[in-house]
Amino acid sequence: MPLNWVQSLLNWYRENKRNLPWREQKDPYAIWVSEIMLQQTRVDTVLDYYRRFLGRFPNMASLAEAELDEVLKYWEGLGYYTRARNLHRGAGEVMTKHRGVFPDNHRDVLALPGIGEYTAGAIMSIAFNEPYPAIDGNVLRVASRLFLLEQDIKSTGVKKEVEGLLKGVFPRQECSDFTQALMELGALICLPTSPKCQECPVQRDCKAYRHNRQQELPLKSKSGRQKKVQRYIAIVQERDRVLMGKRPERGLLGGLWEFPGVEGQNMEDFRQFKKEYNLEVTPCEHWIDTKHIFSHITWDMKVYRCSCRPEAIRESPLQWVYIQELHNIAIPTAFQKIREKILQEKNVSPTGTGR
DNA sequence: AATTCGGGGGA
DNA sequence: TCCCCAGAATT
């Protein structure tokens, strides 16, 4: 009697799984951190962040006691910064509501901030070995081919269908490996384009392969186009300090530091500084241009060295930041080039930065 | 149900 | 260029 596809998949996983740092133990805290980092983020990108983060915040208490700004600094460049905020807040909730012990039931796990259906399922199955499916992009792609699901995989109906199908076949003693095996198959074999069906452990059970339609699946609705926005940025320096602002907690790049700037069509929009920052600046020297591409927006940034009246700064929400401190605050990738140039200039000509 | 939210890698 | 990635929260 041939093995069913679940056993075949499990056998393949145990032979071929990658050695990843979050697979070296079953600590729910460490699994939690890894799952949050891996949301919409590739494994290769996460590896270094994960090691540094766990080195600094090795357990729930250390994370809960840390300052949010330091957590954001460790998240700098990783994107989706709400994840870091929710991770920090979640650690606080575990300390106060669960006596510092990560909850081991689905309801309480799902209630933590930043944890949705996928992450709750991942933690319950991987860390606690319980039969809760974790349906991510990989699993949806694998399932759409394995079961020949011909609807948009982003629809809630397909997710519910996959959830039901997986719950029906969960190997009760091997939930942890099963969840990870499905994702590993999607990451290594059942690729978005040109899947490696010849190496696939469940080829025999794959409906899409049987009908030679694996290239057509999964079906997915198209995403919108990206907008282009010009952004004028003012670099205001005096001696060894530079003017910066902290972005609001909510919204794009929430809670991170930025060089003051406004969106606009032309130079005249520098006047908007008065509205947005309660600050008047006089653009004087065009410094550099830089570009940053987000998922849906492209920032074309025109950067000017500026000056302003000292009293205007006191009335603005902006703050002077020592240039040395630029290393210690969280600045989004969009502004890294500007930061580097300021640091470079400071190091190269320590006496000649004044005008 | 549709948008928002980062950033990087690959076709 | 566009899509994709161990998605969640908001509207």
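Below, chain A is the first sequence line, B the second, and so on; all start at residue 1. Fair warning: this is a prediction, and the values are worked out from it, not measured in the lab.
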Under 4.0 Å between any heavy atoms, over every strand shown, what does [X] touch: base, sugar-phosphate, or nothing? Just pick one.
X: Glu117(A); answer: sugar-phosphate
X: Tyr80(A); answer: base
X: Gly251(A); answer: sugar-phosphate
X: Leu20(A); answer: base
X: Arg89(A); answer: nothing

Open item on the list: So for Tyr118(A) and dG7(C), does any side-chain atom that can act as donor or acceptor lie under 3.5 Å from a complementary atom in the base?
Closed with: no

Less than 3.5 Å apart, any donor N or O on the side chain of [X] or [Y] sitting next to an acceptor on the other?
X: Gln180(A); Y: Arg23(A); result: yes
X: Ser62(A); Y: Asn59(A); result: yes
X: Arg83(A); Y: Asn86(A); result: no

TODO: With sequence neighbours left out, write down each residue that passes ring pair (Phe, Tyr, Trp, His ring centres under 6.0 Å) with Tyr74(A), or none if nothing qualifies.
DONE: Phe57(A)

Open item on the list: For the residue pair Arg51(A) and Phe53(A), would you count it as a cation-pi contact if the rule is NZ or CZ under 6.0 angstrom from the ring centre and within 45 degrees of the ring axis?
Closed with: no

Open item on the list: I need the residues from residues 34-46 of chain A with at least one non-hydrogen atom less than 4.0 Å from DNA chain B; give them sorted by number, or say none.
Closed with: Gln40(A), Thr41(A), Arg42(A)

TODO: Scan every strand shown for a Watson-Crick or G-U wobble partner of dT4(B), both distances under 3.5 Å, and answer none if you come up empty.
DONE: dA8(C)

TODO: Step through it carefully: locate the ring centre of Phe294(A), locate the ring centre of His296(A), and say whether they are under 6.0 Å apart.
DONE: no

Which nucleotide in [options] has an atom nearest any side-chain atom of [X]:
X: Arg23(A); options: dG6(B), dA8(C), dA6(C); result: dA6(C)
X: Asp136(A); options: dT4(B), dA6(C), dC5(C); result: dA6(C)
X: Asn138(A); options: dA6(C), dG7(B), dC3(C); result: dA6(C)

Open item on the list: In whole Å, I'd like the distance from the NZ atom of Lys154(A) to the P atom of dA1(B).
Closed with: 13 Å

